[in-house]
S.K.: 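This structure is in structure tokens; I'll ask about it shortly.
Every chain is numbered from 1, with letters handed out A, B, ... down the list of sequences.
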2 protein chains.
Amino acid sequence: MRADAQRNAEKLRAAAAELFQERGLKVPLKEIARRAGVSHGTLYNLFGTREALIDEVVTGLAADRLDEAAEHALSFEDPREGFAYYIEKVCELQATDPAVADVVSGRYPAAECLMAICGRAQEAATRIIERAQLAGAIRPDFTSEDLLLFFVTNALLARAAADTAPDAWRRQVAFLLEGLDTGPAQGALAVAPLTPQQVYDVMGRLAGTP
Amino acid sequence: MRADAQRNAEKLRAAAAELFQERGLKVPLKEIARRAGVSHGTLYNLFGTREALIDEVVTGLAADRLDEAAEHALSFEDPREGFAYYIEKVCELQATDPAVADVVSGRYPAAECLMAICGRAQEAATRIIERAQLAGAIRPDFTSEDLLLFFVTNALLARAAADTAPDAWRRQVAFLLEGLDTGPAQGALAVAPLTPQQVYDVMGRLAGTP
DNA sequence: AAGTAAGTTGACCCAAGGGTCAAGAACTGT
DNA sequence: ACAGTTCTTGACCCTTGGGTCAACTTACTT
């Protein structure tokens, strides 16, 4: 690869990182090219697809923070606290950074590294949930699929509210946590948990807003 | 107005009603015209704006059902049951009919009748919430703004899940109800309620999916 | 039955966003 | 310093959706 191409790729990565964090993974590619100061043709030439660009850029942005949240959640002595920490932390990351929000909720099947991150995050969530359930801290019928759906809707809410009520999502999180916490009244859920396939389908459509 | 124009307007209203219910208030106007069997020019000629069409068509679709839900909720002896009924019923309407979902969550400020419906629904919600709170049935810091935001995210979820997991939203509703129900552990919310203005802004952006 | 007003049509404009590619510019190795 | 390769550019094409309007058609009136 020629030196100037290398430089352009770097400029594009930088611009993409900025814009992804500012406005999510769906920013127009032409705008990324504009900010990088190159033609959009060059972007297509060097990366080919949005997914490839995402893969090179977003991994570093999101993976560490999500992993760290999971790790820290599991380091709590009290599983209930760890669980609450994890949910709040992930939602906060989503609210703070649209790129993270899209990593958690958007679906970009062609972005391999990104999908790997999602996989790891989901596994971590499952462990955190199960730990809390074994301790009897939260209702036993809550699943990691439920949590994912909640994250997706939370991401939409957080982004929509970012300018006007940047903490709106915290209320919804609080209601959820209250609802999950084992308490006296605890009826069984009338609806079966979703399958991973269902969640996959659902998220695809929630992400693209038709 | 000439007789043929009258007929066309009627065809357009019928087509719009169908498509609004099938796919929400954002269906392309040209598609409505296509289904009505007229040119899109005629649609613009007869109605001018999407809002005008919505106003003529959606009122009948949504108002009765929403009013009825509120009325029935207030007819429960137990305010707690009435509250739960209302939330579930509205969410169910949203899940069943994208037009209702958009009425509750979308913002079409130029559609007067529609905004009137929204206003009435919100007032009803406030009464239902306050009644439950006076009875000590639900946490006192839950507001009708919280409920609206919940409805909006619920609508997105329900629509996204419609084909794959049409009951997914019921789980989230159940978690919410559990969280609102007065129980032993009941910490104060760390975040202040939103103002109506904030809710107004937020919803505008949640509706248009950028 | 003809004249006129009213209504309809579809080609046309716009913008945003995705994507391609021939022509030209710019590196690099010798 | 020049040939040869690689890279960049921006004009171009596509689509979807909103919106307009001159020319045509249709219905009503007398």
S.K.: Are B:Arg170 and B:Glu92 close enough for a salt bridge, meaning some N to O gap below 4.0 Å?
M.R.: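 A salt bridge is present here (some side-chain N lies under 4.0 Å from a carboxylate O).
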S.K.: So does B:Glu10 pair up with B:Arg7, basic N to acidic O under 4.0 Å?
M.R.: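 Salt bridge flag = no for B:Arg7 with B:Glu10.
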S.K.: Nearest to the side chain of B:Tyr44, heavy atoms from C-beta on, is which of D:dG19, C:dG19, C:dT8?
M.R.: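 The nucleotide sitting nearest to the side chain is D:dG19.
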S.K.: Can a donor-acceptor pair under 3.5 Å be found between the side-chain atoms of A:Lys26 and the base atoms of C:dG17?
M.R.: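 Side chain to base: no pair present.
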S.K.: From C-beta outward on A:Asn8, which listed nucleotide comes closest to its side chain: C:dT8, D:dT8, C:dG18?
M.R.: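 Of the candidates, D:dT8 comes closest.
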S.K.: Assign each of A:Gly41 and B:Glu31 to its nearest nucleotide of DNA chain D by heavy atoms, then name whichever residue's nucleotide is nearer the 5' end.
M.R.: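 Closest to the 5' end, via its nearest nucleotide, is A:Gly41.
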S.K.: Whole Å only: how far is the CZ atom of A:Arg34 from the P atom of D:dT8?
M.R.: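 My rounded result for the distance is 18 Å.
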S.K.: With respect to the side chain of B:Leu46, which nucleotide from D:dG17, C:dT8, C:dT20 is positioned closest?
M.R.: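 When the side chain of B:Leu46 is considered, C:dT8 is the closest of D:dG17, C:dT8, C:dT20.
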S.K.: What's the CE-C1' distance between B:Met1 and C:dA5, to the nearest Å?
M.R.: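 After rounding, the reported distance stands at 15 Å.
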S.K.: Please determine if a side-chain N or O atom of A:Arg2 lies less than 4.0 Å away from the OP1 or OP2 oxygen of D:dT5.
M.R.: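 No.
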S.K.: Nearest-Å distance, CD (B:Gln6) to C1' (D:dA27)?
M.R.: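 Going from B:Gln6 (CD) to D:dA27 (C1'), I get 13 Å.
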S.K.: Using atom CG of A:Leu43 as one end and atom C1' of D:dG10 as the other, report the distance to the nearest whole Å.
M.R.: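 Value for this atom pair: 15 Å.
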S.K.: Rounded to the Å, how far apart are B:Lys30 NZ and C:dC12 P?
M.R.: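 Whole-Å distance recorded here is 13 Å.
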S.K.: Check the phosphate of D:dT8 against A:Asn45, side-chain N and O only, distance under 4.0 Å to OP1 or OP2. Yes or no?
M.R.: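 Yes, within the criterion.
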S.K.: Which distance, rounded to the nearest 0.5 Å, do you find between the NZ of B:Lys11 and the CG of B:Asn8?
M.R.: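 That separation rounds to 4.5 Å.
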S.K.: Given the structure, check if the side chain of B:His40 and the base of C:dT8 hold any donor-acceptor pair shorter than 3.5 Å.
M.R.: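 A donor-acceptor contact between them is absent.
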S.K.: Check every atom of D:dG18, C:dT8, D:dC7 against the side chain of A:Asp4 and return the nucleotide holding the closest atom.
M.R.: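 Ranking D:dG18, C:dT8, D:dC7 by closest atom to the A:Asp4 side chain puts D:dC7 first.
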S.K.: Measure from the side-chain heavy atoms of B:Ala3 and tell me the nearest of D:dG19, C:dT9, D:dC28.
M.R.: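 It is D:dC28.
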S.K.: Rounded to whole Å, please give me the gap between CZ in B:Arg7 and P in C:dG7.
M.R.: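 Distance, rounded to whole Å: 12 Å.
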S.K.: Assign each of A:Leu29 and A:Thr42 to its nearest nucleotide of DNA chain C by heavy atoms, then name whichever residue's nucleotide is nearer the 5' end.
M.R.: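 Its nearest nucleotide being more 5', the pick is A:Leu29.
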S.K.: Under 4.0 Å between a side-chain N/O of A:Ser39 and OP1 or OP2 of D:dT8, yes or no?
M.R.: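 So the side chain of A:Ser39 is outside the cut-off, no N or O lying under 4.0 Å from OP1 or OP2 of D:dT8.
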S.K.: Would you call the rings of B:Phe76 and B:Tyr85 parallel, tilted or perpendicular if under 30° counts as parallel and over 60° as perpendicular?
M.R.: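 Geometry flag for B:Tyr85 against B:Phe76: tilted rings.
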S.K.: Rounded to whole Å, how long is the line connecting atom CG of B:Leu25 with atom P of D:dG17?
M.R.: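 Atom CG in B:Leu25 sits about 16 Å away from atom P in D:dG17.
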S.K.: B:Phe142 vs A:Phe175 aromatic rings, parallel, tilted or perpendicular, using cut-offs 30° and 60°?
M.R.: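 Judged by the thresholds at 30° and 60°, the geometry between B:Phe142 and A:Phe175 is perpendicular.
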S.K.: What is the distance, rounded to the nearest whole Å, between atom CZ of A:Phe47 and atom C1' of C:dT20?
M.R.: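 Distance, rounded to whole Å: 18 Å.
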